Amino acid sequence: MSQTYAIIAETREGKLRQVTFEAIEAARQAKGENDRIAAVLIGHQVSELAEELARYVDGPVHVVDRPDLAVYHAEATFAAASAALNELSPSAVFLGHTAIGRDLAPMIAARLEAGQISDVTAIESAEDGSPLYVRPLYAGKAFERKRFVENAGAQIVTVRPNNFPAAEPLPSSGPVVVSSASPLPSLRSAVKEVVRKTSGKVDLAEAKIVVSGGRGVKSAEGFKPLERLAEALNAAVGASRGACDAGYCDYALQIGQTGKVVTPEIYIACGISGAIQHLAGMSQSRVIIAINKDPEAPIFKIADYGIVGDLFEVVPLLTEEFEKALS
Amino acid sequence: MNIYVILKQTFDTEEKIVLRDGEIEEDGVKFVINPYDEYAVEEAIRLKERHGGTIVAVSVGTDRTAEALRTALAMGADEAALISDERIGQDEYSVSRALAAYLKTQSSQPYDLILGGNFSIDNGSGQVAVRLAALLDIPHAASVTRLTVNGSQATVLRDAEGDAETIELTLPALITAQQGLNEPRYPSLPGIMKAKKKPLQTLSLEDIGLREADIAPKTKRESLALPPARQAGKLLKGDPAQQAAELVKLLRTEAKVL
């Protein structure tokens with residue numbers, strides 16, 4: 001019997017997020033041959049995005065378009081998602097493991113009395129053909145393979161950004177269904193203000209390149225050369241716990257076992273010694289570059305390329321070289 | 001105000017992970033309150049200092065978890081409850097159902113505010129607290145860096161992947177702590193002494209009114225593995241300008257990532 005895998009799409013600054021296409025790819029890998037993929041898109045003035053999304057799925061795209069859903073609101077977005085999922089009655093729901101996905105997925109799982117496997121980085125096939133979901137433990141110090149218990153209801157999955165390839169479009173588009181604007185339940189919470197500190201910046205979780213600073217950066221001012229390098233590379237800026245604790249930057253930038261886990265193509269660690277807790281958050285990056293004064297710093301033990309030197313001297317030179325190479 | 005803090009005991013962040021017979025070795029490991037849950041404990045104490053009330057620290061875990069609850073009591077929580085039952089597995093569906101059942105039985109001291117961590121640094125799935133809010137049908141705000149309570153209203157500043165959202169919630173509500181919320185205190189010596197006399201209940205599934213079938217897990221672990229060890233690579237030679245040029249060249253020709 002054909003089953004429905006539903007993707008909950010995510011938008012950012014008027015575009016579908018990359019992780020949504022990665023979640024579609026993950027669902028394609030997990031689903032059975034005869035199963036279809038549907039999508040749920042929640043927001044305001046998103047009809048063009050719905051058309052775009054429809055090119056990637058063979059099932060319907062359910063759209064809930066309301067002015068009061070223009071920004072994410074846990075209660076309201078969940079109510080809208082629940083209504084759309086009710087119509088689709090999916091056997092599985094896939095989301096990005098993002099600020100929104102991490103918030104929305106457990107609410108959906110609780111409502112559907114469903115199991116959830118979070119932060120999935122790969123999908124393998126078990127001997128019986130059912131999907132095995134690979135996910136990190138201890139921020140990547142270990143990995144587990146998990147499966148859903150058979151016949152235990154719906155399956156909720158969140159996928160880590162940057163780990164699945166983005167899905168390719170299909171030869172033909174699925175239908176777009178605009179859900180009737182059912183009234184929202186009475187809300188017990190309200191979003192008063194949203195400050196887009198990241199507007200126009202590269203998202204840390206989705207960045208292909210991350211330039212990260214540690215205690216060696218010495219001050220908030222010391223992050224300037226790193227920011228210039230990041231700009232030249234269209235990279236995101238991150239930091240170690242040491243740099244955050246010292247007040248050089250916002251905790252939102254912290255990479256490590258506490259903080260964010262990133263898996264970019266290139267990770268450039270500047271003035272970071274390489275504490276175990278930091279390594280857990282970045283050692284799955286494809287290529288690691290370390291710049292540090294101390295040749296004994298543990299970061300050099302896991303770096304593909306190391307430069308022993310003063311980051312304030314090396315980073316601006318590196319910025320110039322990258323600009324030359326990329327121009 | 002009745003504040004419940006849900007917490008988990010985890011490995012210290014500086015611990016390495018070693019596998020023995022396919023399981024994570026726990027012998028000799030230093031255990032702590034999950035760092036994000038520790039912010040929740042601290043925030044509960046600060047709210048109590050300002051508004052008065054009672055703080056109950058709650059955990060689902062093995063007998064060893066009592067140590068983490070004692071630490072919370074030593075920091076300033078008033079009571080603790082350990083839901084410890086072999087029939088409750090690691091699955092987030094099961095754990096959140098157990099916590100919800102426990103909270104629903106606390107009618108003599110109903111929750112006004114439930115605090116927890118943004119995620120646990122071991123399993124890292126970040127499900128249990130949000131599931132709990134949904135099961136109790138109360139509003140929540142996750143990943144909070146600032147919290148104020150005024151009467152029956154909580155106002156929070158929430159970190160959403162670097163963006164800052166201000167959210168108002170009507171109590172009862174559930175809030176999860178993000179780094180930056182506060183700086184947790186160390187338990188004082190008098191605090192540690194007092195903690196020994198504070199009530200710490202141990203509860204079984206029956207005590208919270210559940211049967212094994214109510215918490216049958218929805219997911220299961222097939223296997224565990226360590227990531228492949230990374231090898232130390234090349235140290236680049238020459239003066240800084242030569243090193244920089246060499247690095248860009250290698251990224252292009254050898255690593256092929258540019």
Side-chain angles (χ1 to χ4, degrees), chain A residues 74-75 98-99 102-103 106-107 109-111 114-119 132 137-149 152 188-198 251-252 257-258 265-266 276-277 283 287 300-309 313-314 317-318 321-322 325, chain B residues 11 13-14 16-17 24 35 91-93 96 121-127 130-131 134-135 139-142 159-170 179-180 217-227 230 232-236 240-241 243-245 247-248 250-252 255 257-258:
Chain A
E75 277 186 284
T98 59
R102 284 196 302 266
D103 208 45
M107 286 191 276
R111 168 70 59 90
Q116 182 184 329
I117 301 180
S118 298
D119 204 13
L132 287 181
L137 293 170
Y138 299 91
K141 289 178 184 173
F143 285 84
E144 63 175 343
R145 286 177 178 76
K146 270 189 124 172
R147 65 155 78 219
F148 288 100
V149 173
R188 301 151 299 180
S189 57
V191 179
K192 290 304 204 190
E193 193 187 9
V194 179
V195 180
R196 299 256 178 242
K197 290 197 273 186
T198 58
Y251 279 115
Q257 198 169 359
T258 47
E265 294 273 298
I266 306 177
I276 289 172
Q277 99 99 15
S283 57
V287 176
F300 287 122
K301 293 204 171 69
I302 63 140
D304 299 285
Y305 302 108
I307 295 179
V308 178
E313 203 177 342
V314 175
L317 288 167
L318 206 48
E321 287 294 335
F322 277 121
Chain B
F11 280 32
T13 52
E14 286 302 315
K16 287 189 174 147
I17 303 299
I24 291 172
D91 189 50
E92 297 87 352
Y93 167 84
S96 58
I121 57 147
D122 50 3
N123 184 32
S125 80
Q127 292 181 34
V130 179
R131 276 180 180 263
L135 290 172
H140 79 273
D159 163 45
E161 288 177 287
D163 290 337
E165 301 177 0
T166 304
I167 296 172
E168 280 181 6
L169 307 102
T170 305
Q179 193 166 22
K218 300 284 186 182
T219 63
K220 66 176 182 205
R221 178 184 289 168
E222 284 284 308
S223 64
L224 263 178
L226 295 181
R230 281 192 96 102
K234 288 179 189 161
L235 280 184
L236 304 177
Q243 289 172 319
L247 176 60
V248 174
L250 286 169
L251 287 176
R252 180 162 267 178
V257 285
L258 274 189

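Everything quoted here is computed from the prediction, not taken from an experiment. Letters go in sequence order (proteins before strands), and every chain restarts at 1.
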Side-chain heavy-atom pair [X], [Y] within 4.5 angstrom cut-off:
| X | Y | answer |
| --- | --- | --- |
| A:Glu144 | B:Asn123 | yes |
| A:Ser189 | B:Glu168 | no |
| B:His140 | A:Asp103 | yes |
| B:Thr219 | A:Arg147 | no |
| A:Val191 | B:Thr166 | no |
| A:Val308 | B:Leu235 | yes |
| B:Asp91 | A:Gln116 | no |
| A:Met107 | B:Arg131 | no |

Greatest number of heavy atom pairs closer than 4.5 Å to chain A - which of [options]:
| options | result |
| --- | --- |
| B:Pro227, B:Gly180, B:Ala255, B:Pro240 | B:Pro227 |
| B:Pro35, B:Gly124, B:Gly126, B:Ala164 | B:Ala164 |
| B:Ile121, B:Ile24, B:Asp159 | B:Ile121 |
| B:Ser223, B:Ala142, B:Ala241, B:Ala160 | B:Ser223 |
| B:Gln243, B:Arg221, B:Glu165, B:Arg252 | B:Arg221 |

Is the backbone N or O of [Y] less than 3.5 Å from a side-chain atom of [X], with the two atoms forming a donor-acceptor pair by type?
| X | Y | result |
| --- | --- | --- |
| A:Asp119 | B:Ser125 | no |
| B:Lys218 | A:Ala152 | yes |
| B:Arg230 | A:Ser283 | yes |

Measure [X] against the heavy atoms of chain B and call it side chain, backbone, both or neither at under 4.5 Å.
| X | answer |
| --- | --- |
| A:Ala303 | backbone |
| A:Leu137 | both |
| A:Ala325 | both |
| A:Leu132 | side chain |

Spatial distance of atom [atom1] ([X]) from atom [atom2] ([Y]) [nearest 0.5 Å]:
| X | Y | atom1 | atom2 | answer |
| --- | --- | --- | --- | --- |
| A:Ile117 | B:Glu92 | CD1 | CD | 9.0 Å |
| A:Lys146 | B:Lys220 | NZ | NZ | 12.0 Å |
| A:Glu75 | B:Ile167 | CD | CD1 | 10.0 Å |
| B:Leu251 | A:Asp304 | CG | CG | 9.0 Å |
| B:Glu161 | A:Thr98 | CD | OG1 | 5.0 Å |

Options [options], ranked by heavy-atom pairs under 4.5 Å with chain B, top entry:
| options | value |
| --- | --- |
| A:Arg145, A:Arg102, A:Gln277 | A:Arg145 |
| A:Glu313, A:Arg188, A:Lys192 | A:Arg188 |
| A:Gly140, A:Ala190, A:Ala252, A:Ala114 | A:Ala190 |
| A:Ala110, A:Gly115, A:Gly306 | A:Gly306 |

Can you tell which part of [X] gets under 4.5 Å to a heavy atom of chain A, answering side chain, backbone, both or neither?
| X | answer |
| --- | --- |
| B:Thr13 | both |
| B:Leu258 | side chain |
| B:Leu236 | both |

If the condition is ring pair (Phe, Tyr, Trp, His ring centres under 6.0 Å), which residues does A:Tyr138 pass it with, not counting sequence neighbours? B:Phe11

Can you list everything that forms a ring pair (Phe, Tyr, Trp, His ring centres under 6.0 Å) with A:Phe322? Sequence neighbours excluded, please. none

Ion pair B:Asp163/A:Lys197, N-O distance below 4.0 Å: no

Do you know which two heavy atoms are closest between B:Gln127 and A:Ser118, and how far apart they sit? NE2-OG, 2.9 Å

